[in-house]
Amino acid sequence: SAMCYPRVIWVVRHCEREDNVNRQWKKLPGMSVFEFDNSPLSQRGRAQAQELGKRFRNEAIAQVFASPFDRTIETAHVIVEMNENKNLNVKPEPGLCEALYLCAKPAPSFWDAKELKEKFPRVDEEYDPVFSKYTLPKEGCGDDECVPRLKTTIERLVQRYAGPILLVGHGASIGAIHEVLTNDFKYVGQATVTKFVQSGHAMEEIKLVYSSCTKHLSDPHNLRPW
């Protein structure tokens, strides 16, 4: 479909993770299948996701992309399920995943799209991602090492897809999105909303409106912005 401007690019960080509140999380029922880098949402995180869903219920969104970790897919999935556009789905995009030095080796341990769809029915398993688990570039230590990957990912997504876009990522990958679009690496809290508006075709025409908004959250405390 033809590109129409201006259009909004929403960026949401996943909600609270189980390992943020429980060091022994791997001992919980059903958790032994997860590697250390793929902790699912906590109970509070699921409540935050519902509040995000309410926040975006009447928002026009054409496409939703999420890092393929469970915490990001589940956050996106709740938003998609609650949005009035019943054709929305979640496109799992490894390009949005966490800084690789924080992930399992040799590759991050997120499930593939087919497995994700079994757990989260609104996952689009036909989506052709910018990066796959196995084409992710080598990255050094440090949160800003993922900036080149996020640059490639954001450029491809905004060129390939029309309409308002929502991206669900992690502390480092959202910091990197800020670096790419504003030249300023910025951390945002969990379950927060960041808004960019793109007024024309060029990447330079994407401007930040606000970062790390918490207005939709009943409890904005301890959102772990680092």
Side-chain angles (χ1 to χ4, degrees), residues 1-4 7-15 37-38 40-41 45 49 52-53 55-57 59-100 103 107-137 146 148-174 176-177 180-181 188 191-196 198 203 206:
S1 53
M3 292 289 180
C4 284
R7 59 110 168 248
V8 181
I9 299 167
W10 298 103
V11 181
V12 169
R13 187 168 164 215
H14 65 76
C15 302
D37 61 350
N38 198 15
L41 296 183
L52 279 165
R55 160 70 185 79
F56 283 104
R57 179 173 282 156
E59 211 65 76
I61 303 170
Q63 305 290 344
V64 177
F65 303 91
S67 159
F69 285 105
D70 270 51
R71 59 191 178 275
T72 28
I73 294 287
E74 185 168 357
T75 300
H77 199 259
V78 172
I79 292 171
V80 159
E81 282 188 311
M82 292 175 71
N83 189 270
E84 59 190 9
N85 174 0
K86 293 305 163 207
N87 298 317
L88 264 190
N89 53 29
V90 180
K91 294 174 162 59
E93 175 50 70
L96 297 171
C97 89
E98 185 56 286
L100 296 182
C103 298
S109 75
F110 51 75
W111 315 103
D112 69 28
K114 188 170 179 297
E115 293 171 306
L116 285 170
K117 190 178 174 66
E118 286 169 17
K119 284 198 266 191
F120 305 107
R122 301 274 288 270
V123 164
D124 177 4
E125 61 173 322
E126 306 299 311
Y127 170 62
D128 180 27
V130 178
F131 288 99
S132 80
K133 180 185 282 200
Y134 305 104
T135 63
L136 287 167
C146 67
R149 158 165 60 91
L150 269 297
K151 183 173 193 292
T152 302
T153 303
I154 295 298
E155 284 175 353
R156 298 267 175 86
L157 295 182
V158 301
Q159 285 158 9
R160 203 183 283 176
Y161 294 91
I165 288 174
L166 187 142
L167 308 167
V168 183
H170 306 264
S173 62
I174 293 174
I177 290 171
V180 170
L181 299 179
V188 303
T192 62
V193 176
T194 295
K195 182 181 185 178
F196 294 91
Q198 183 178 17
M203 292 292 285
I206 302 175

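Sequence positions, counted from 1, serve as the residue numbers for this chain. Worth knowing before you read on, the calculation uses all heavy atoms, side chains too, and leaves out hydrogens, waters and symmetry mates.
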Under 3.5 Å donor-acceptor, His170 side chain and Ala99 backbone: no
Would the distance check show the side chain of Arg13 and the main-chain N or O of Val188 forming a donor-acceptor pair, the cut-off being under 3.5 Å? yes
If you define the side chain from C-beta out and look only at heavy atoms, does anything of Val158 sit under 4.5 Å from Arg7? yes
Measure the shortest side-chain to side-chain distance between Val90 and Phe120 over non-hydrogen atoms and say whether it is less than 4.5 angstrom. no
Could you grab the distance from atom CE of Met3 to atom CD of Gln159, nearest 0.5 Å is fine? 8.0 Å
Within the side chain of Asn85, is there an N or O that forms a donor-acceptor pair under 3.5 Å with the backbone of Ala60? no
Ignoring hydrogens, what is the shortest heavy-atom contact between Pro108 and Asp37? Give both atom names and the distance. CA-OD2, 3.6 Å
Atom CD1 of Ile174 and atom OG1 of Thr192: how far apart are they, to the nearest 0.5 Å? 6.5 Å
Value for CD1 (Ile165) from NZ (Lys91), rounded to nearest 0.5 Å, stands at 10.0 Å
Is it true that atom NZ of Lys86 has more than 12 heavy atoms of other residues, nucleotides or ligands lying nearer than 6.0 Å? yes
Nearest atoms (heavy-atom pairs only) where Pro129 meets Pro94: CB-CD, 3.7 Å
Determine the minimum heavy-atom distance between Phe110 and Pro68, stating which atoms define it. CB-O, 3.3 Å
Parallel, tilted or perpendicular: which describes the rings of Tyr161 and Tyr127, with under 30° parallel and over 60° perpendicular? tilted
Side-chain contact, heavy-atom cut-off 4.5 Å: Glu98 with Cys146? no
State, yes or no, whether a side-chain contact exists between Thr153 and Phe65 at a heavy-atom distance under 4.5 Å. no
Give, for atom CD1 of Ile9 and atom CG of Leu181, the distance between the pair rounded to the nearest 0.5 Å. 6.5 Å
So, for Asp124 and Pro92, which heavy atoms are closest and what is the spacing to 0.1 Å? O-CD, 3.6 Å
Find out whether Phe69 and His14 are in side-chain contact, i.e. whether some heavy atom of one side chain is under 4.5 Å from a heavy atom of the other. no
Heavy atoms of Ser173 and Leu150 approach each other most closely as O-CG, 3.6 Å
I'd like to know if Lys151 and Glu155 make a salt bridge, using a cut-off of under 4.0 Å between side-chain N and carboxylate O. yes
Is a donor on one side and an acceptor on the other found under 3.5 Å between the side chain of Asn38 and the backbone of Asp70? yes
Would you find a donor on one side and an acceptor on the other, under 3.5 Å apart, between the side chain of Glu93 and the backbone of Val130? yes
Can you tell if the side chain of Trp111 reaches within under 4.5 Å of the side chain of Ile73, non-hydrogen atoms only? no
Closer than 3.5 angstrom, by distance alone: can the side chain of Thr75 be matched with the main-chain N or O of Arg71 as a donor-acceptor pair? yes
Can any side-chain N or O of Arg149 pair as donor or acceptor with the backbone N or O of Cys97 at less than 3.5 Å? yes
Closest contact, heavy atoms only, Val168 versus Leu96: O-CD1, 4.1 Å
Any Ile154 side-chain heavy atom under 4.5 Å of Leu167 side chain: yes
Would you give the length of the straight line joining atom CD of Glu81 to atom CZ of Arg57, rounded to the nearest 0.5 angstrom? 11.5 Å
So does Lys133 have more than 12 non-hydrogen atoms from other groups sitting under 6.0 Å from NZ? yes
Measure the CD1-CH2 distance between Ile61 and Trp10 for me, rounded to the nearest 0.5 Å. 8.0 Å
